[in-house]
Engineer: 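Sharing a structure, written as structure tokens. Questions coming.
Remember, predicted model here, so these are calculated numbers, not experimental data. Here is the naming used below: chain letters follow the sequence lines, and residue numbers restart at 1 for every chain.
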Amino acid sequence: MNKPNIPKGTRDFGPIEMSRRNYIFSTIRSVFALYGFQQIETPSMELMSTLMGKYGEEGDKLLFRIQNSGEKANEAPEKGLRYDLTVPFARYIVQHRDEIQFPFRRYQIQPVWRADRPQKGRYREFYQCDVDIIGTDSLVSELELVQIVEEVYRRFGIRVCLHLNNRKILAGIAEYIGAPDKIVDITVAIDKMDKIGLDNVNKELAERGLSQDAIGKLQPILNLGGSNTDKLNALRTILACSETGLRGIGEAQELFDRIAASNCQLSICLDLTLARGLNYYTGMIFEVKALDVQIGSITGGGRYDNLTGIFGLPNVSGVGISFGADRIYDVLTELDLYPATMPEATQLLFATFGDEELNYALTWAKSLRQKGIRVEVYPEPAKMKKQMSYADAKAIPFVAIVGGNEMQSDTVMLKDMQSGEQTQLTLNQLFDKILTN
RNA sequence: GUGGUCAUAGCUCAGUUGGCAGAGCAUCGGAUUGUGGUUCCGAGUGUCGUGGGUUCGAGCCCCACUCUCCACCCCA
């Protein structure tokens with residue numbers, strides 16, 4: 001008999017993983033709610049016409065296509081699995097524009113699928129947690145996303161650095177070095193600065209058709225140092241001839257000013273090598289990196305001025321970011337930052353010596369559950385060793401032992417599994433004890 | 001999509017020139033019929049990833065496929 005298996009790049013999540021994942025999702029969700037974001041969901045599959053051409057040539061290749069039973073293998077399929085949450089969201093806005101109150105603040109936590117070759121931290125099915133504000137050009141939206149990043153990672157206890165850049169600045173740089181049509185090649189190459197270093201970036205720029213003169217003019221910009229303000233001031237001089245570049249600098253300046261005024265504790269840097277792959281970004285772009293773990297970015301996003309334009313609704317500006325839940329999971333695991341008691345774990349197990357005791361325990365359990373205590377009753381009066389082992393394996397902090405003596409005195413023997421201490425308690429005493437623990 | 005790498009018990013892994021399939025952990029039972037996490041004793045477990053080939057004989061050698069992991073491409 002063949003062992004069962006799951007498709008390449010997919011995973012099962014066991015009870016411990018799910019409890020951790022739910023901790024991640026609920027933390028993110030509750031921060032989103034603090035800012036008035038509302039949740040939506042869209043279908044796992046979209047029409048291919050919605051998906052195709054939105055992610056570049058590479059992206060199209062990574063789309064999972066859904067074969068209808070009537071379709072032949074060489075026919076173009078009608079449907080595919082969604083590749084991200086942003087494009088389906090743009091489709092949603094266009095389709096529901098008359099029902100939506102703008103500015104629309106929505107969040108969406110759902111899996112996405114990519115037919116990529118899997119690696120560590122890279123899967124074919126993974127979750128994104130997207131939060132976007134649509135229908136306003138105000139940079140207050142960007143500020144709020146920065147604040148959300150600050151609060152989410154403060155709650156997780158992960159030390160991060162937020163990298164900021166602006167696509168208009170990048171466009172201005174391309175203009176300044178005399179290669180405005182090479183903006184995509186430039187961004188793709190300089191985005192790798194971290195990984196491959198300046199020399200290799202320059203090599204790649206040359207391979208992508210940039211002249212030595214252009215590459216030379218780029219060097220002082222890539223080497224800009226000092227504070228964020230220093231960099232902006234320097235850019236203002238260098239890009240003085242580029243109207244687009246100056247607008248990008250203005251946006252960045254305004255956002256930094258607002259961040260400063262908002263008493264933000266987050267570590268933030270203007271990173272001119274930050275480009276981000278998706279080409280629909282037009283303004284500020286963001287990326288969050290964990291300081292204590294080598295794992296790539298764990299959150300990213302930016303402003304897109306015309307995302308819904310491709311679906312026939314022009315001039316709707318939006319800005320959004322996406323938290324990478326699977327990578328946050330890896331960071332929390334590596335740094336061992338999960339809270340000691342997970343929110344939904346069992347608090348108390350009843351262990352019994354006989355059938356009458358079982359009924360007694362079930363009655364007590366019902367009362368405690370009505371008061372909100374999470375209780376399990378071991379379903380048979382098995383050997384005490386077995387019942388205790390069960391509690392131990394599930395890390396249940398308290399076991400209430402019920403035998404003849406306890407039944408006679410209308411009590412239970414409560415064992416604290418961590419200290420080993422035992423005390424005989426009435427129902428009310430038991431409730432107080434669990435509640436105050 | 002390109003190049004490399006890996007696969008043996010539930011898990012982590014040993015396995016000699018090609019000659020009876022192994023260990024630790026975990027699980028289950030007992031020592032202990034009212035007590036887990038520490039101790040002691042005992043037990044079970046495998047189409048050696050799948051399919052073909054070479055050989056008297058293959059976990060080991062050869063071919064193909066699948067999967068894992070890694071580097072590209074790209075990306076969370």
Engineer: Is K386(A) close enough to rG29(B) that one of its side-chain N or O atoms is under 4.0 Å from OP1 or OP2 there?
Structural biologist: yes
Engineer: Please map the stems of RNA chain B, keeping only stretches of three or more Watson-Crick or G-U wobble pairs with both distances under 3.5 angstrom.
Structural biologist: B:1-4 with B:69-72, B:10-13 with B:22-25, B:27-31 with B:39-43, B:49-53 with B:61-65
Engineer: If the P atom of rA14(B) is compared with that of rC72(B), how far apart are they to the nearest Å?
Structural biologist: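 So the two P atoms sit 27 Å from each other.
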Engineer: Please enumerate all residues that pass side-chain contact (heavy atoms from CB on, under 4.5 Å) together with Q147(A), with sequence neighbours excluded.
Structural biologist: Y35(A), L143(A), E144(A), S262(A)
Engineer: Salt bridge between E151(A) and R154(A), side-chain N to carboxylate O under 4.0 Å?
Structural biologist: yes
Engineer: Please tell me which of Y127(A) and G404(A) maps to the more 5' nucleotide of RNA chain B, matching each residue to the nucleotide holding its nearest heavy atom.
Structural biologist: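 With Y127(A) and G404(A) compared, the 5'-side residue is G404(A).
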Engineer: For rA7(B) and rU16(B), measure between their P atoms and round to the nearest Å.
Structural biologist: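 Those two atoms are separated by 13 Å.
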Engineer: For the side chain of M413(A), counting heavy atoms from C-beta on, which of rC74(B), rG36(B), rU35(B) is nearest?
Structural biologist: rU35(B)
Engineer: Show the numbers, then the answer: is there a side-chain contact (heavy atoms from CB on, under 4.5 Å) between Q424(A) and M413(A)?
Structural biologist: CA-CA 4 Å; Q424(A) 202 163 348; M413(A) 183 63 78; 4.1 Å; yes
Engineer: Please report, rounded to the nearest Å, how far the P atom of rU38(B) is from the CD atom of Q418(A).
Structural biologist: 15 Å
Engineer: Could you tell me the separation between the CG atom of L358(A) and the P atom of rG34(B), rounded to a whole number of Å?
Structural biologist: 16 Å
Engineer: More 5' along RNA chain B: A115(A) or Y123(A), using each one's nearest nucleotide?
Structural biologist: A115(A)
Engineer: Measuring only the P atom in each nucleotide, how far is rU68(B) from rU12(B)? A whole number of Å is fine.
Structural biologist: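 Result for the P pair: 14 Å, nearest Å.
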Engineer: Suppose you measure atom C1' in rC60(B) against the same atom in rU38(B); what distance do you get, rounded to whole Å?
Structural biologist: 41 Å
Engineer: Roughly how far apart, to the nearest Å, are rC75(B) and rC11(B) at atom C1'?
Structural biologist: 31 Å
Engineer: R117(A): what forms a side-chain hydrogen bond (donor to acceptor under 3.5 Å, both in side chains) with it, not counting sequence neighbours?
Structural biologist: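 Result, side-chain hydrogen bond (donor to acceptor under 3.5 Å, both in side chains) vs R117(A): none returned.
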Engineer: With stacking defined as ring centroids separated by under 5.5 Å and planes differing by under 30°, is F126(A) stacked against rA76(B)?
Structural biologist: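 Stacking is present between rA76(B) and F126(A), given that their ring centres fall under 5.5 Å apart and the planes under 30°.
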Engineer: Tell me the interatomic distance from E421(A), atom CD, to rG37(B), atom C1', rounded to whole angstroms.
Structural biologist: 16 Å
Engineer: Nearest whole Å is fine: how far is rC75(B) P from Y280(A) OH?
Structural biologist: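 After rounding, the gap between these two atoms is 10 Å.
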Engineer: To the nearest 0.5 Å, how far apart are CD1 in I28(A) and CD1 in I328(A)?
Structural biologist: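 Answer for the CD1-CD1 pair, I28(A) versus I328(A), is 4.5 Å.
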Engineer: Looking at the side chain of K415(A), which of rC75(B), rG36(B), rU68(B) is the nearest nucleotide?
Structural biologist: rG36(B)
Engineer: Which one, rU35(B), rC74(B), rU68(B), comes nearest to the side chain of K8(A)?
Structural biologist: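 Closest of the options to the side chain of K8(A): rU68(B).
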Engineer: Among rG30(B), rU35(B), rG36(B), which nucleotide has an atom closest to any side-chain atom of K383(A)?
Structural biologist: rG30(B)
Engineer: Could you write out each protein N or O paired with an N or O of nucleotides 71-73 of chain B at a distance under 3.5 Å?
Structural biologist:
residue	atom	partner	partner atom	Å
rA71(B)	OP2	Q119(A)	OE1	3.0
rC73(B)	OP1	K192(A)	NZ	3.0
rC73(B)	O2'	E58(A)	OE2	3.4
rC73(B)	N4	R122(A)	NH1	2.9
rC73(B)	N4	R122(A)	NH2	3.3

Engineer: What about D392(A): does its side chain form a donor-acceptor pair under 3.5 Å with the base of rG36(B)?
Structural biologist: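 Yes, the side chain and the base share a sub-3.5 Å donor-acceptor pair.
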Engineer: Starting at CZ of F350(A) and ending at C1' of rU35(B), how long is that distance when rounded to a whole Å?
Structural biologist: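 Spelled out: CZ on F350(A) to C1' on rU35(B) is 16 Å.
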Engineer: Who pairs with A400(A) by side-chain contact (heavy atoms from CB on, under 4.5 Å), at least two apart in sequence or on another chain?
Structural biologist: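 Here the qualifying residues are L348(A), F350(A), V412(A), L414(A).
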Engineer: Counting any heavy atom closer than 4.0 Å, what does Y390(A) reach on the DNA or RNA strands: base, sugar-phosphate only, or nothing?
Structural biologist: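 Nothing, no heavy atom under 4.0 Å.
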Engineer: To the nearest Å, how far apart are D194(A) CG and rC75(B) P?
Structural biologist: 15 Å
Engineer: The side chain of I401(A) is closest to which nucleotide in this list: rA76(B), rG34(B), rG36(B)?
Structural biologist: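 Of the options given, the side chain of I401(A) lies nearest rG34(B).
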Engineer: Do M417(A) and L349(A) touch side chain to side chain, with heavy atoms closer than 4.5 Å?
Structural biologist: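 No. Closest side-chain heavy atoms not under 4.5 Å.
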Engineer: Measuring only the C1' atom in each nucleotide, how far is rA26(B) from rG59(B)? A whole number of Å is fine.
Structural biologist: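 One C1' to the other, the span is 24 Å.
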Engineer: Take the angle between the ring planes of Y390(A) and Y378(A) and call it parallel below 30°, perpendicular above 60°, tilted in between.
Structural biologist: perpendicular
Engineer: Taking the cut-offs as 6.0 angstrom to the six-membered ring centre and 45 degrees off its axis, would you call R159(A) and Y153(A) a cation-pi pair?
Structural biologist: no
Engineer: If we only count heavy atoms from C-beta on, is the F64(A) to M45(A) side-chain gap below 4.5 Å?
Structural biologist: no
Engineer: Describe the nucleic acid contact of G9(A) in one word from base, sugar-phosphate, nothing, applying a heavy-atom distance below 4.0 Å.
Structural biologist: sugar-phosphate
Engineer: If you look at every strand shown and take non-hydrogen atoms under 4.0 Å, does G420(A) touch a base, only sugar-phosphate, or nothing?
Structural biologist: base
Engineer: Suppose you measure atom P in rG44(B) against the same atom in rG10(B); what distance do you get, rounded to whole Å?
Structural biologist: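 My reading of the P atoms in rG44(B) and rG10(B) gives 15 Å.
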Engineer: Tell me: CG of L414(A) to P of rG36(B), nearest whole Å?
Structural biologist: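 To the nearest whole Å, that distance equals 16 Å.
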Engineer: Under the ring pair (Phe, Tyr, Trp, His ring centres under 6.0 Å) definition, can you give me all pairs with a residue in residues 355-377 of chain A, not counting sequence neighbours?
Structural biologist: Y360(A)-W364(A)
Engineer: How would you label the contact of E357(A) with the nucleic acid (heavy atoms, under 4.0 Å): base, sugar-phosphate, or nothing?
Structural biologist: nothing
Engineer: Specify the separation, in whole Å, of atom CZ of R11(A) and atom C1' of rC67(B).
Structural biologist: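 Atom-to-atom, R11(A) to rC67(B), this comes out as 16 Å.
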Engineer: Would you call the rings of Y92(A) and F104(A) parallel, tilted or perpendicular, taking 30° and 60° as the class edges?
Structural biologist: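 It falls in the parallel class, under 30°.
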Engineer: Measure distances between side-chain N and O atoms of Q422(A) and base N and O atoms of rU35(B), and say whether any donor-acceptor pair falls under 3.5 Å.
Structural biologist: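 Checked by distance alone, the answer is yes.
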Engineer: Taking the C1' atom of each, how far is rG15(B) from rA58(B), in whole Å?
Structural biologist: 14 Å
Engineer: May I ask you to say what S322(A) touches in the nucleic acid, namely base, sugar-phosphate or nothing, with a heavy-atom cut-off under 4.0 Å?
Structural biologist: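 Nothing, no nucleic acid heavy atom in range.
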